[in-house]
Participant: 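Just passing along the structure, written as structure tokens.
Computed from a prediction, not measured in an experiment: that's the story for all the values here. These values consider heavy atoms only, across backbone and side chains, with no hydrogens, waters or symmetry-generated copies.
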Amino acid sequence: MPDKVKPFNIFRNFGLNENQHSNFLLKFLSPKGSHNQEDLFIKEFLKVVGIDSKVLENFSIKDILVSTEQKAGKRGRVDLLIVIGDYKI
């Protein structure tokens with residue numbers, strides 16, 4: 001067994017571009033995704049990025065919107081946007 005394992009980057013290994021990265025994440029994070037796990041992945045993701053799970057207690061699955069390539073200002077865009085009620089991530 002090697003002393004040091006190289007970090008694994010799933011996106012680099014599959015050769016995905018930026019938009020494909022966003023779409024890949026969208027499929028996992030959307031509670032309405034074809035994974036049939038409802039809000040499991042989005043809840044775990046929010047924990048990892050430091051969002052208290054109590055935030056989600058006031059919302060149902062239908063209140064969670066995950067989208068890609070949203071406009072931000074005059075020339076910018078957000079690759080991945082998560083909206084839960086008034087919260088935007």
Side-chain angles (χ1 to χ4, degrees):
M1 182 144 210
D3 292 333
K4 201 170 192 181
V5 178
K6 291 182 181 179
F8 177 74
N9 181 324
I10 194 167
F11 300 116
R12 186 173 298 128
N13 289 333
F14 285 124
L16 301 177
N17 66 37
E18 180 182 352
N19 291 337
Q20 290 169 321
H21 288 179
S22 299
N23 288 331
F24 179 84
L25 292 172
L26 171 73
K27 298 289 184 195
F28 277 102
L29 296 177
S30 176
K32 300 167 187 129
S34 60
H35 49 67
N36 296 318
Q37 299 300 309
E38 298 185 337
D39 61 356
L40 175 71
F41 297 133
I42 188 71
K43 283 183 176 179
E44 290 302 314
F45 175 79
L46 294 173
K47 281 185 209 173
V48 168
V49 297
I51 305 295
D52 190 338
S53 61
K54 291 183 182 190
V55 167
L56 293 175
E57 290 176 2
N58 298 321
F59 300 100
S60 71
I61 292 172
K62 65 182 178 195
D63 295 323
I64 301 172
L65 173 66
V66 182
S67 59
T68 59
E69 305 306 318
Q70 297 297 307
K71 280 189 164 187
K74 291 182 180 181
R75 289 188 258 162
R77 63 187 170 99
V78 175
D79 293 328
L80 186 71
L81 178 65
I82 301 168
V83 179
I84 307 168
D86 292 333
Y87 296 93
K88 293 181 180 176
I89 304 164

Participant: Using side chain to side chain contact (heavy atoms under 4.5 Å, CB included), reason through Thr68 and Asn19 one step at a time and then give a plain yes or no.
Facilitator: CA-CA 8 Å; Thr68 59; Asn19 291 337; over 6 Å; no
Participant: Take atom CZ in Phe41; do more than 12 heavy atoms of anything else shown fall under 6.0 Å from it?
Facilitator: yes
Participant: Tell me every residue that passes side-chain hydrogen bond (donor to acceptor under 3.5 Å, both in side chains) with Glu44, counting only those two or more places apart in sequence or in another chain.
Facilitator: Lys47
Participant: Check whether any side-chain heavy atom of Ile82 lies under 4.5 Å from a side-chain heavy atom of Phe45, and answer yes or no.
Facilitator: yes
Participant: Which heavy atom of Leu29 sits nearest a heavy atom of Ile42, and at what distance?
Facilitator: O-CB, 3.3 Å
Participant: What residues form a side-chain contact (heavy atoms from CB on, under 4.5 Å) with Asp79, not counting sequence neighbours?
Facilitator: Glu18, Ser22, Glu69, Arg77
Participant: By ring pair (Phe, Tyr, Trp, His ring centres under 6.0 Å), which residues pair with Tyr87, not counting sequence neighbours?
Facilitator: none
Participant: By the side-chain hydrogen bond (donor to acceptor under 3.5 Å, both in side chains) test, which pairs, at least two apart or in different chains, include something from residues 29-40?
Facilitator: Asp39-Lys43
Participant: Hydrophobic cluster membership, with links at side-chain heavy-atom distances under 4.5 Å among I/L/V/M/F/W/Y: are Val49 and Leu26 in one?
Facilitator: yes
Participant: Would a single hydrophobic cluster contain both Leu65 and Phe24, if residues Ile, Leu, Val, Met, Phe, Trp and Tyr are joined by side-chain heavy-atom contacts under 4.5 Å?
Facilitator: no
Participant: Taking a hydrophobic cluster as the set of Ile, Leu, Val, Met, Phe, Trp and Tyr residues connected by side-chain heavy atoms closer than 4.5 Å, whether directly or through intermediates, do Leu25 and Val78 fall within one such cluster?
Facilitator: no
Participant: State plainly whether one hydrophobic cluster holds both Leu80 and Ile51, where clusters connect Ile, Leu, Val, Met, Phe, Trp and Tyr through side-chain heavy atoms under 4.5 angstrom apart.
Facilitator: yes
Participant: side-chain contact (heavy atoms from CB on, under 4.5 Å) with Lys88: which residues, sequence neighbours excluded?
Facilitator: Leu81, Val83
Participant: Once rounded to the nearest 0.5 Å, what's the spacing between atom CD1 of Ile89 and atom CG of Leu46?
Facilitator: 5.0 Å
